[in-house]
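It should be emphasised that the depicted structure is a prediction, and the values quoted were computed from it without experimental measurement. We name chains A, B, ... by the order of the sequence lines, and we start the count at 1 in each one. Any value given below was found using the heavy atoms of this structure, including those in side chains, with hydrogens, waters and symmetry copies removed.
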2 protein chains.
Amino acid sequence: MKISTKGRYALRLMLDLAIYDTGDPVSLKDIAKRQEISEKYLEQIISVLNKAGFVRSIRGASGGYVLRRKPKEYTVGDILRLTEGSLSPVSCVGVESEECVRSGDCVTVMVWEKLDKAINDVVDNISLQDLVDWHMAQSDSYVI
Amino acid sequence: MKISTKGRYALRLMLDLAIYDTGDPVSLKDIAKRQEISEKYLEQIISVLNKAGFVRSIRGASGGYVLRRKPKEYTVGDILRLTEGSLSPVSCVGVESEECVRSGDCVTVMVWEKLDKAINDVVDNISLQDLVDWHMAQSDSYVI
DNA sequence: TATTTTCCTACCTGATTACTAGGATTAGTA
DNA sequence: TACTAATCCTAGTAATCAGGTAGGAAAATA
């Protein structure tokens, strides 16, 4: 029941883009340095975010990436589901769930449905902007 | 973010023991047949439940397993945490969490903490007896 | 004694995770 | 125009884990 590095790094990547959004593209090199994550690995992750239209890429020298939308318009759920795949705890519940031959007399599925709902309820109600706000609040307390 | 077969099978195993609890031990062979799970694989799973004192084993012919406590006294969380290990979505939150060098300026950890809380809140508030009740309600509807 | 059961350890195969590596392509800059 | 800095794309890889299988010892009953 673990979130993989793909999902976790994607979240930090998007947050980094939101925090360092000056209008100019942000290079992966800078993100990798700040987040202490391999640049080559981040390439693969941001490629997914790019193809899904979450970020826009600018190629060539002084290129980089920018967010396509406002931080408020991304939920943590959007980002995690894109990079992790489904967040449902078993394959037989949630969206695009696979039919199970035992579903007739399966009671445990009710547990998984409650769990699925609880998980989505959390990640779909936190926006990237929330993370930015939390970050700012945290930074402030350091300054004082 | 998936619950493995170990946790899922353990839950079905415990539920089977709760449903077929006549006082006589229930053999793994019967459980395996009813649940359509490899008996050999179930051996490994019930061994963990046995060592943790969740079930009592009776060896020899006409032996088997019985629940140590009443179904009301097991939560789904107990069973899953025992067989799956920690249910926390990342290693840096929850009980026995590992310290992270970045925890100082890590904001995403707040997401994981909310998620961890939501997950535990579900599994710790469903008892094995609840599963039995749901099963009975489901069986009734089939009879009609 | 024969049979039925749990108990224990070892092994195995395929998939996944978390990367690394190398080079092609694009675009700004000297 | 050459150089450099960036994204883009594909392949490979070591380690771990999932999900079992296999074989036999030990215990208890009939």
Can you see if the side chain of Tyr65(B) gets near the phosphate of dT5(C) - specifically, an N or O under 4.0 Å from OP1 or OP2?
no
At what distance, to the nearest 0.5 angstrom, does OG of Ser4(A) lie from CG of Leu80(A)?
9.0 Å
Report yes if a side-chain nitrogen or oxygen of Tyr9(B) is closer than 4.0 Å to either non-bridging phosphate oxygen (OP1 or OP2) of dG19(D); otherwise report no.
no
From NZ of Lys2(B) across to P of dA18(D) the rounded distance in Å is 14 Å
I want to check something: taking the side chain as every heavy atom from C-beta on, are Leu115(B) and Val123(A) in contact at a cut-off of under 4.5 Å?
yes
Say whether Thr83(B) and Tyr9(B), considering side chains only, have a donor N or O and an acceptor N or O under 3.5 Å apart.
no
Reading nucleotides 22-30 of chain C 5' to 3', which nucleotides get B (base under 4.0 Å from a protein heavy atom), which S (sugar-phosphate only), which -?
BB-BBBS--
Taking NZ, NE, NH1 and NH2 as the nitrogens, is one of them in Arg102(A) or Glu36(B) under 4.0 Å from a carboxylate oxygen of the other?
yes
Going by the side-chain hydrogen bond (donor to acceptor under 3.5 Å, both in side chains) test, which pairs reach into residues 63-82 of chain B, not counting sequence neighbours?
Thr75(B)-Asp78(B), Arg81(B)-Asn120(B), Arg81(B)-Asp124(B)
Would you say Lys114(A) has more than 12 foreign heavy atoms packed within less than 6.0 Å of its NZ?
no
Does Asp16(B) reach the side chain of Leu13(B), with side-chain heavy atoms less than 4.5 Å apart?
no
With a sphere of 6.0 Å drawn around CZ of Arg56(B), does it hold more than 12 non-hydrogen atoms of other residues, nucleotides or ligands?
no
Atom CG of Leu42(B) and atom C1' of dT5(C): how far apart are they, to the nearest Å?
15 Å
What is the distance, rounded to the nearest whole Å, between atom CG of Leu49(A) and atom C1' of dC8(D)?
15 Å
Specify the separation, in whole Å, of atom CG of Leu13(B) and atom C1' of dT6(C).
14 Å
Any side-chain heavy-atom pair of Tyr20(B) and Leu15(B) under 4.5 Å:
no
Examine distances only and state if a side-chain atom of Asp130(A) and a backbone atom of Ser127(A) form a donor-acceptor pair shorter than 3.5 Å.
yes
Nearest-Å distance, CD1 (Ile45(A)) to C1' (dT17(C))?
11 Å
Looking at dA11(D), dC9(D), dC8(C), which one has an atom nearest to any side-chain atom of Gln44(A)?
dA11(D)
Looking at Ser38(A), I'd like to know whether one of its side-chain N or O atoms comes within less than 4.0 Å of OP1 or OP2 on dT20(C).
yes
Rounded distance (Å) that lies between atom P of dG19(D) and atom CD1 of Ile3(B)
11 Å
Counting just side-chain N and O atoms, does Asn50(B) come under 4.0 Å of either OP1 or OP2 of dC7(C)?
yes
Ignoring backbone atoms, test whether Ser4(B) places a side-chain nitrogen or oxygen under 4.0 Å from the OP1 or OP2 oxygen of dA18(D).
no
Among residues 23-37 of chain A, which contact DNA chain C at a heavy-atom distance under 4.0 Å?
none
Side-chain N or O of Ser57(A) closer than 4.0 Å to phosphate OP1/OP2 of dT7(D):
no
Interatomic distance where CE belongs to Met1(A) and C1' belongs to dT17(C) [whole Å]:
18 Å
Could you state the OH-P distance from Tyr41(A) to dT7(D), rounded to the nearest angstrom?
18 Å
